[in-house]
Asker: 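Structure provided below as structure tokens; questions to follow.
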Protein chains: 2
Amino acid sequence: MVSKVKKDMQHMPNTFEDALEKTQKYVFPADDEIPLLCGKHLKGCEIAYETYGTLNADRSNVILLCHGLTGDQFAAGINPITQKPGWWDHLIGNGKAIDTSKYFVLSTNVLGGCMGSTGPSSLNPDTGKPYAMDFPILTIHDMVAVQIKLLDQLGIRKVACAMGGSMGGMQVLEIMTSFSDRIEAAMAISSSWRHSAQNIAFHEIGRQAIMADPDWHYGLYQEKGTKPVKGLSVARMTAHVTYMSEPALQRKFGRNLQDREDISYNFEVDFQVESYLRYQGKSFVDRFDANCYLYITKALDYFDLTNGGKNCLADAFKGLKARICLITFSSDWLFPPSETRDIMRALNAVGANVSFVEIESDKGHDAFLLEEPEMSDAVAGFLNALAKDLGL
Amino acid sequence: MVSKVKKDMQHMPNTFEDALEKTQKYVFPADDEIPLLCGKHLKGCEIAYETYGTLNADRSNVILLCHGLTGDQFAAGINPITQKPGWWDHLIGNGKAIDTSKYFVLSTNVLGGCMGSTGPSSLNPDTGKPYAMDFPILTIHDMVAVQIKLLDQLGIRKVACAMGGSMGGMQVLEIMTSFSDRIEAAMAISSSWRHSAQNIAFHEIGRQAIMADPDWHYGLYQEKGTKPVKGLSVARMTAHVTYMSEPALQRKFGRNLQDREDISYNFEVDFQVESYLRYQGKSFVDRFDANCYLYITKALDYFDLTNGGKNCLADAFKGLKARICLITFSSDWLFPPSETRDIMRALNAVGANVSFVEIESDKGHDAFLLEEPEMSDAVAGFLNALAKDLGL
């Protein structure tokens with residue numbers, strides 16, 4: 001039985017396809033081409049999604065959920081790929097902070113993703129082969145625009161709340177600027193109005209690690225029957241360090257040795273933190289696509305609500321009527337609180353209805369995915385008040 | 001002429017050897033085996049070094065200089081490999097902070113280095129082939145012990161001051177604990193008493209990137225005639241981000257585009273910070289050896305003056321009579337000021353003669369290599385007072 005599981009893990013495409021049969025999918029008609037900011041179009045686009053709760057009669061109880069870089073649509077319940085609870089399973093459900101007895105949660109896999117939505121590993125209808133590096137470069141705006149088109153198809157005129165963390169928060173901020181008439185409220189968590197130089201640097205390292213892997217084959221690994229697992233693993237390890245805080249790493253691992261009494265004096269794993277990182281790298285390659293990682297990191301890097309400093313951030317939010325909640329964590333050094341405060345000040349400058357929550361935590365960027373009672377309370381408080389006002 | 005230069009760059013071993021002919025070298029007699037903490041011995045060990053200034057008659061004016069992870073013995077003047085000024089050229093010279101009219105600076109390439117000292121790329125006398133991964137695992141203690149042996153050979157009983165930054169600072173701290181009778185004074189800059197979990201994590205990423213490169217050939221790339229340039233480049237890029245502060249990256253590069261008016265919508269370089277990092281990676285592989293990087297990062301990771309928390313830090317410094325100066329920079333997140341304050345407290349606890357300088361700077365860990373007037377002043381002040389007391 002163990003060997004069967006191992007075998008499956010080595011042949012992820014099959015496992016992936018089997019598991020992804022269970023997710024819902026909207027397929028845009030072939031003539032409904034999706035225009036992208038880069039100037040290209042995508043035809044026959046598919047968007048995979050999950051829903052939690054029940055859509056009410058006037059379709060006014062929708063929460064549009066936006067996932068982070070390596071997240072997916074499986075926010076609640078058991079993720080069929082990893083067999084682990086969804087990334088916000090502790091927040092979503094009957095009576096939970098995102099209360100499915102009131103709300104209908106629509107959770108999509110982003111355009112460019114690898115969990116059923118059209119992305120670089122999808123077949124290019126023009127060639128019958130995977131897009132690979134022929135896939136057009138995406139932006140956060142493109143991801144959001146296709147979500148809005150999906151809302152149109154589902155007959156949802158206005159969502160009660162758009163919410164998400166990290167890259168999900170960027171999507172929320174983009175909706176607040178480009179599609180503000182489609183939201184009653186929005187909640188951007190652990191996010192930023194632009195990707196910083198340091199964050200671009202870490203992403204560039206990840207991309208270079210993937211592209212340096214000879215099994216990447218300039219993106220054509222699906223055709224070649226390989227997988228750039230080593231490069232993708234290094235990319236993930238690099239990113240993972242940025243998700244944690246130095247104090248959390250110190251508290252969790254310190255210089256504790258892994259299954260040994262003394263240092264090894266060789267290049268095997270000595271420290272727990274090494275073992276943990278190697279595990280993070282290895283397990284990631286079983287569930288994520290390397291080209292997808294290239295494209296989505298690029299979308300994050302391109303995100304900048306000031307258009308390269310040409311616009312004032314406040315201008316991005318002019319006329320915004322939705323009520324906004326911003327949440328940030330004190331030890332997040334990937335998207336530090338100062339950047340959320342920038343957003344708050346810009347929203348204040350345009351007289352928006354904004355609440356700001358900074359939570360003391362030593363868990364770094366990861367905190368938004370962990371069970372943090374203060375965050376649950378903030379989410380529940382905001383959404384319950386909203387539900388009351390909307391008569392849900 | 002340009003093509004000649006390019007050709008040379010592609011054949012670095014020759015350039016290296018030519019350049020390294022200009023450095024001095026001490027060769028330990030074949031029967032004088034160097035014992036290492038791992039239990040193994042090195043025979044026929046060579047230590048490359050540079051000197052600046054003049055050794056006085058009673059050999060009392062020696063500054064032992066210890067370099068950082070990717071530093072070398074070429075601290076002043078022009079580095080023959082890079083053709084750029086040495087890493088502390090702005091500090092070392094007649095009338096400079098490290099005044100060669102008073103002091104004689106002895107700057108060695110660490111054991112395990114790739115600038116002439118015995119390291120993994122050296123020939124193993126037992127096999128006649130490069131050691132590669134048969135080279136024994138080194139520690140900071142081993143690096144220091146061989147420096148002390150070199151002092152013995154040069155007839156230097158006591159150095160006026162041992163000094164260095166980063167890994168150089170670790171060497172200084174190791175001398176303060178293991179060879180405290182060999183120093184009148186010591187100066188540890190931008191360093192720590194142990195490598196933190198986060199720092200081990202970043203080193204492990206670098207090592208995995210090197211080992212993932214098929215041109216690494218399990219360390220046998222010299223025999224195979226290859227060089228793991230992509231892996232080593234990713235390792236360097238990762239480390240380089242940790243040397244800078246987020247504000248410095250933001251100030252220096254922000255989201256500025258590289259030689260373009262608008263984003264490219266492809267995977268070419270868009271941002272200056274990407275271009276800078278790629279350059280850092282590419283130029284590093286011309287001057288550094290990949291196996292050497294594996295061994296030296298491991299030595300840093302192993303460094304812990306409390307022996308895994310078994311000892312109290314203050315115990316490491318018991319009986320220390322040397323006068324000590326500690327320098328740290330406010331924005332250094334690789335070796336944060338808190339860790340230098342830990343050292344200061346431990347030194348205070350044993351009644352050591354210690355001065356502590358925390359310098360406001362946004363330049364991160366790199367600050368110790370840059371022209372920081374406050375640091376120059378602190379170094380000059382400490383060394384001039386010492387020279388006076390020693391009658392130099």
Side-chain angles (χ1 to χ4, degrees), chain A residues 36-40 133 136-137 139 194-198 200-202 204-205 207-209 211-214 230-231 233-234 237-238 240-241 244-246 249-250 252-257 262-267 269-274 276-278 281 294 298 301-302 304 308-309 333 336, chain B residues 36-40 133 136-137 139 194-198 200-202 204-205 207-209 211-214 230-231 233-234 237-238 240-241 244-246 249-250 252-257 262-267 269-274 276-278 281 294 298 301-302 304 308-309 333 336:
Chain A
L36 304 171
L37 278 191
C38 67
K40 295 180 184 168
M133 304 309 282
I137 293 277
T139 63
R194 62 98 179 85
H195 220 218
S196 71
Q198 190 176 63
I200 294 171
F202 280 120
E204 175 65 4
I205 290 165
R207 287 191 293 263
Q208 291 294 320
M211 292 176 169
D213 189 329
K230 289 184 177 175
S233 174
V234 168
M237 289 168 68
T238 309
H240 201 84
V241 178
M244 302 181 75
S245 72
E246 196 274 332
L249 275 169
Q250 203 59 41
K252 197 166 176 180
F253 305 113
R255 295 180 51 84
N256 296 340
L257 297 173
D262 206 351
I263 52 177
S264 69
Y265 289 114
N266 64 42
F267 285 100
V269 161
D270 279 293
F271 299 102
Q272 285 176 7
V273 66
E274 292 173 304
Y276 173 77
L277 263 196
R278 288 190 193 185
L294 298 178
K298 199 75 182 171
D301 290 357
Y302 275 1
D304 178 6
W333 60 281
Chain B
L36 305 172
L37 278 193
C38 67
K40 296 180 181 167
M133 304 310 282
I137 293 277
T139 63
R194 62 99 179 84
H195 220 220
S196 71
Q198 190 176 66
I200 294 171
F202 280 121
E204 174 65 4
I205 291 165
R207 287 191 293 263
Q208 291 294 320
M211 291 175 169
D213 189 329
K230 289 183 177 175
S233 173
V234 168
M237 288 169 69
T238 308
H240 200 83
V241 178
M244 301 182 76
S245 72
E246 196 274 334
L249 275 170
Q250 203 58 42
K252 196 166 177 181
F253 304 113
R255 295 180 51 85
N256 296 340
L257 298 172
D262 206 350
I263 52 177
S264 70
Y265 289 114
N266 63 42
F267 285 100
V269 162
D270 279 293
F271 298 103
Q272 285 176 6
V273 67
E274 292 173 304
Y276 173 76
L277 264 195
R278 288 189 192 187
L294 299 178
K298 198 75 182 172
D301 290 357
Y302 275 1
D304 179 5
W333 60 281

Asker: Given a strict heavy-atom distance threshold of 4.5 Å, which part of B:Leu36 is in contact with chain A: side chain, backbone, both, or neither?
Answerer: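 Contact with chain A is absent: no heavy atom of B:Leu36 under 4.5 Å.
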
Asker: So which of A:Gly231, A:Ala212, A:Gly39, A:Ser245 has the largest heavy-atom pair count under 4.5 angstrom toward chain B?
Answerer: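 Of A:Gly231, A:Ala212, A:Gly39, A:Ser245, A:Ala212 has the most heavy-atom pairs under 4.5 Å with chain B.
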
Asker: Heavy-atom distances under 4.5 Å only: say whether A:Leu294 touches chain B with side chain, backbone, both or neither.
Answerer: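 For A:Leu294, backbone and side chain are both near chain B.
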
Asker: Select one option (side chain, backbone, both, neither) describing which atoms of B:Asn256 are under 4.5 Å from chain A's heavy atoms.
Answerer: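 Contact with chain A involves no heavy atom of B:Asn256 at all.
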
Asker: Working to the nearest 0.5 Å, report the span between CG of B:Leu277 and CD of A:Glu204.
Answerer: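 Nearest 0.5 Å value for the CG-CD distance: 7.0 Å.
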
Asker: Can you tell me how far the OH atom of B:Tyr302 sits from the CZ atom of A:Arg255, to the nearest 0.5 Å?
Answerer: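 Atom-to-atom, B:Tyr302:OH and A:Arg255:CZ are 10.0 Å apart.
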
Asker: Please determine, among A:Trp333, A:Tyr265, A:Phe271, the option with the most heavy-atom pairs under 4.5 Å with chain B.
Answerer: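 Greatest number of close heavy-atom pairs with chain B: A:Tyr265.
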
Asker: Is the B:Phe202 ring parallel, tilted or perpendicular to the A:Phe202 ring (thresholds 30°, 60°)?
Answerer: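 Because their plane-to-plane angle is under 30°, the rings of B:Phe202 and A:Phe202 count as parallel.
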
Asker: Could you tell me whether A:Lys298 atom NZ has more than 12 heavy atoms of other residues or ligands within 6.0 Å of it?
Answerer: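 More than 12 within 6.0 Å, yes.
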
Asker: Could you work out, with side-chain contact (heavy atoms from CB on, under 4.5 Å) as the rule, every residue matching B:Asn266, not counting sequence neighbours?
Answerer: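 Counting only residues at least two positions away or on another chain, B:Asn266 forms a side-chain contact (heavy atoms from CB on, under 4.5 Å) with B:Ser264, B:Glu268.
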
Asker: For B:Pro336, what residues pass the side-chain contact (heavy atoms from CB on, under 4.5 Å) criterion, not counting sequence neighbours?
Answerer: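 B:Pro336: side-chain contact (heavy atoms from CB on, under 4.5 Å) contacts with B:Ser338, B:Glu339.
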
Asker: Atom CE of B:Met237 and atom CD of A:Gln208: how far apart are they, to the nearest 0.5 Å?
Answerer: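 Separation between the atoms: 5.0 Å.
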
Asker: Supply the atom-to-atom distance B:Ile263 CD1 to A:Thr139 OG1, rounded to the nearest 0.5 angstrom.
Answerer: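 Between atom CD1 of B:Ile263 and atom OG1 of A:Thr139 there are 7.5 Å.
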
Asker: Considering only heavy atoms, which portion of B:His240 lies under 4.5 Å from any heavy atom of chain A: side chain, backbone, both, or neither?
Answerer: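 For B:His240, neither part sits under 4.5 Å from chain A.
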
Asker: Keeping the roles fixed (side chain from B:Gln250, backbone from A:Ala197), state whether a donor-acceptor pair exists under 3.5 Å.
Answerer: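 Yes; at least one donor-acceptor contact below 3.5 Å.
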
Asker: Do you know which of B:Met211, B:Lys230, B:Gln198 has the most heavy-atom pairs under 4.5 Å to chain A?
Answerer: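 Ranked by heavy-atom pairs under 4.5 Å with chain A, first place is B:Gln198.
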
Asker: With rounding to the nearest 0.5 Å, note down the distance linking CD in A:Glu274 to CD1 in B:Ile205.
Answerer: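 A:Glu274 CD to B:Ile205 CD1: 11.0 Å, rounded to 0.5 Å.
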
Asker: In terms of heavy-atom pairs under 4.5 Å, which option from B:Asp270, B:Leu257, B:Leu249, B:Val269 contacts chain A the most?
Answerer: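 Ranked by heavy-atom pairs under 4.5 Å with chain A, first place is B:Asp270.
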
Asker: Check whether A:Asp262 gets within reach of chain B through its side chain, its backbone, both or neither, counting any heavy atom under 4.5 Å.
Answerer: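 No part of it gets close to chain B.
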
Asker: For each of A:Pro136, A:Ser233, A:Gly254, tally heavy-atom pairs with chain B at distances under 4.5 Å, and name the one with the top tally.
Answerer: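 Top count of heavy-atom pairs under 4.5 Å with chain B: A:Gly254.
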
